[in-house]
Amino acid sequence: MSTVEPYDAVDVIRAKRDGGAVPEPALRWMVDAYTRGYVSDAQMASFAMAIFQRGMEREEIRVLTDAMIASGERMSFAALGKKTVDKHSTGGVGDKITLPLAPLVAAFGVAVPQLSGRGLGHTGGTLDKLESIPGWRAALSNEEMFAQMQGDVGAVICAAGSGLAPADKKLYALRDVTGTVEAIPLIASSIMSKKIAEGTDALVLDVKFGSGAFMQDIDRARELARTMVALGTDSGVATTALLTDMNVPLGFAIGNANEVRESVEILAGAGPADVRELTIALAREMLALAGQPDADVEAALDDGRAMDQWKAMIRAQDGDPDAALPVARETHVVTAPADGVISRMDALPFGIAAWRLGAGRARAEDPVIFEAGIDLHAKPGDRVVAGQPLFTLSAADEARFPRAIEALEGAWEIGADAPARGPIVRERITA
């Protein structure tokens, strides 16, 4: 016996196309019907474009997010007996912060369930970086994940299970090929449906703006941050956001294995100042939400506690934290053409160049080359002399260098004066 559907996809699409708010029952039906295959990809693509062009009211975004959560399972960490705090970054160039951050926060007895993803395009994936460590595995069962957080390790970075927000998985893939990735209601509901379904007590959002971020404009980044903080708060998850600058690559390493090396430097109490600054800022935010506003996170980096947690976390997932990381067979050094000060270094072209070298993927099924990437030797504000190395490109095949170098044309400048640079954290957003 056939079942009569209560709504028609075309009516839902028209309502949003014409600028109206979609009623809650119809919106919930649209998500459910798409998840089970009744609503087609073509119809959902049309609906996503209508949202992109017309936007959504706050209540609509809340309903969309809740419907996506309801499409799958919800996890709970209540049985752990300790606070859980997660972090999500909207992605950028050289953004390896999750790697030192998770063990740093876990060093204070807080559980960190960091369900992460893989890179696509110019933004790197946390799992890709960690898989450059020999033996390390991203796929954990729920039982393994719980055991790792409950014990002395405390932190886990792993792939999200297929049961969390399956509606988002289908819609995310569709957005990627239909030009609707940047729609704030769709970004917010995608991120928050997974994070709320995950079951964490608290969440800190690192919302990036600038040339290397999805939100290049700070006002749009602020709108996205406020939308996500409201969604988390409405769902009972203590949520705050930091707006952070992604106009310049973060740190000196852009890639996979080289970003792991740089993360280990941070855990050893050293490393680039901007990576350390952001790691500390996010750790303080996470620990404040976990009830430890006065935690001395700098001390935990400098005295080895965070490093001990890192090694335990890597070993718990069958990785060898002391093993040698992959090194590229081919390198190409770009040198300064003149004396002066680096006055500009746009993040996006460096992300694209690293991607072309093999550090990222064009399609979800593509492999990444762990040793491929870019190592910067100087950044904006640094004085250089003619012939001095500015950055080194690494690849498995020298045939990849020309297109990577092409991506970097006009991406950096040497001038007479140092550029004005503000703090990496620009704003803190709360409910």
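Remember, it's a predicted structure, so these values are computed and weren't measured experimentally.
Closest heavy-atom contact between Trp136 and Ile157: CZ2-O, 3.2 Å. Heavy atoms only, all atoms of each residue included: Ile414 and Ala338 are closest at CD1-O, 3.9 Å. Across all their heavy atoms, Val112 and Ala106 have their closest contact at CG2-N, 4.1 Å. Ile69 and Ala197 get closest at one heavy-atom pair: CG2-CB, 4.1 Å.
Residue Lys170 places its NZ atom among more than 12 non-hydrogen atoms of other residues, nucleotides or ligands, all under 6.0 Å distant. Atom CD of Gln388 is surrounded by more than 12 heavy atoms from other residues, nucleotides or ligands within 6.0 Å. Heavy-atom neighbours of Asp417 CG from other residues, nucleotides or ligands within 6.0 Å: at or below the threshold of 12. Asp339 CG: more than 12 foreign heavy atoms inside a 6.0 Å radius. The 12-atom threshold is exceeded at CZ of Arg421, counting heavy atoms of other residues, nucleotides or ligands nearer than 6.0 Å.
Using a 3.5 Å distance cut-off with no hydrogens or angles, the side chains of Asp168 and Ser190 do pair a donor with an acceptor. Under 3.5 Å, the side chains of Thr200 and Lys195 contain no donor-acceptor pair of N or O atoms.
Judged by the 6.0 Å and 45° rule, Arg305 forms a cation-pi pair with Phe108.
No donor-acceptor pair under 3.5 Å is formed between the side chain of Glu131 and the backbone N or O of Arg137. No donor-acceptor pair under 3.5 Å is formed between the side chain of Glu265 and the backbone N or O of Pro272. Proximity of a side-chain donor or acceptor of Asp128 to a complementary backbone N or O of Thr126 within less than 3.5 Å is not detected. In this structure, the side chain of Lys379 engages the main chain of Gly251 through a donor-acceptor pair within 3.5 Å. Under a 3.5 Å cut-off, the side chain of Glu259 and the backbone N or O of Gly255 do form a donor-acceptor pair. Side chain of Arg329 to main chain of Glu398: no donor-acceptor pair is present (N/O by atom type, distance under 3.5 Å, no hydrogens or angles). Counting only distance, with no hydrogens or angles, the side chain of Asp318 and the backbone of Gly135 share no donor-acceptor pair below 3.5 Å. A donor-acceptor distance shorter than 3.5 angstrom exists from the side chain of Thr65 to the backbone of Ile61, with no hydrogens or angles considered. Looking at Glu277, its side chain never comes within 3.5 Å of a backbone N or O of Pro423 through a donor-acceptor pair.
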Intermediate values then yes/no, side chain to side chain contact (heavy atoms under 4.5 Å, CB included), Met56 and Leu186: CA-CA 9 Å; Met56 277 184 147; Leu186 299 178; 5.8 Å; no
Arg284/Glu298 under salt bridge (charged side-chain N to carboxylate O under 4.0 Å, His left out): CA gap, chis, key distance, verdict: CA-CA 10 Å; Arg284 283 177 177 156; Glu298 293 100 323; 2.4 Å; yes
CA sep, side-chain torsions, deciding dist, call: Ile369, Asn256, side chain to side chain contact (heavy atoms under 4.5 Å, CB included): CA-CA 8 Å; Ile369 300 168; Asn256 294 295; over 6 Å; no
Test side chain to side chain contact (heavy atoms under 4.5 Å, CB included) applied to Met215 and Arg222, step by step: CA-CA 9 Å; Met215 294 289 148; Arg222 187 182 296 112; over 6 Å; no
Derivation of the side-chain hydrogen bond (donor to acceptor under 3.5 Å, both in side chains) call for Ser211 and Asp346: CA-CA 6 Å; Ser211 80; Asp346 291 339; 4.6 Å; no
Candidate pair Cys158 and Leu115, rule side chain to side chain contact (heavy atoms under 4.5 Å, CB included), full reasoning: CA-CA 5 Å; Cys158 64; Leu115 302 184; 3.6 Å; yes
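Leu267 is not listed as a side-chain neighbour of Lys311, based on a closest heavy-atom distance of 4.5 Å or more. Leu231 has its side chain out of reach of Arg58: every pair of non-hydrogen atoms, C-beta onward, lies at least 4.5 Å apart. Considering only heavy atoms from C-beta on, Phe52 stays 4.5 Å or farther from Thr178 through its side chain. Contact annotation: the side chain of Ile191 approaches that of Thr90 to within less than 4.5 Å [non-hydrogen atoms, C-beta and beyond]. His377 is not listed as a side-chain neighbour of Phe252, based on a closest heavy-atom distance of 4.5 Å or more. Using a 4.5 Å heavy-atom cutoff, the side chains of Gln53 and Lys16 are not in contact. Looking at heavy atoms from C-beta onward, His88 lies in side-chain contact with Leu205 at the 4.5 angstrom threshold. The shortest distance between side-chain heavy atoms of Tyr34 and Leu174 falls below 4.5 Å.
Val425 pairs with exactly one of Leu243, Thr244, Asp206 by the side-chain contact (heavy atoms from CB on, under 4.5 Å) rule, that one being Thr244. Remark: of the listed residues Met149, Met286, Gln292, Lys82, Gln292 is the sole one forming a side-chain contact (heavy atoms from CB on, under 4.5 Å) with Val110. Residue Val93 is tested with Asn247, Ile254, Leu250 for a side-chain contact (heavy atoms from CB on, under 4.5 Å); the sole match is Ile254.
Looking at Arg400 and Glu330, no side-chain N of the basic residue comes within less than 4.0 Å of a carboxylate O on the acidic one, giving no salt bridge. Salt-bridge annotation for Arg54 and Glu60: absent, with no side-chain N of the basic residue lying under 4.0 Å from a carboxylate O of the acidic one. The pair Lys194-Asp86 does not meet the salt-bridge criterion, since no charged nitrogen lies less than 4.0 angstrom from a carboxylate oxygen. A salt bridge does not link Asp201 to Lys83: none of the charged nitrogens lies less than 4.0 Å from a carboxylate oxygen.
For the atom pair CE (Met75) and OG1 (Thr84), the distance works out to 10.0 Å, reported to the nearest 0.5 Å. Note that the CG atom of Leu101 and the NZ atom of Lys96 stand 13.5 Å from one another [nearest 0.5 Å]. In this structure, CG on Leu224 lies 4.0 Å from CE on Met228, to the nearest 0.5 angstrom. How far CD1 of Ile133 is from CZ of Arg315: 11.5 Å, rounded to the nearest 0.5 Å. Between the NZ atom in Lys129 and the CD atom in Glu262 there is a gap of 10.5 Å [rounded to 0.5 Å]. One distance of note links CD of Gln216 with CD of Glu182; it measures 9.0 Å at 0.5 Å rounding.
Between Trp412 and Phe391, the angle of the ring planes goes over 60°, which puts this pair in the perpendicular group of the 30/60° scheme.
Qualifying side chain to side chain donor-acceptor pair (under 3.5 Å) partners for Gln309, counting only residues two or more places apart in sequence or in other chains: none.
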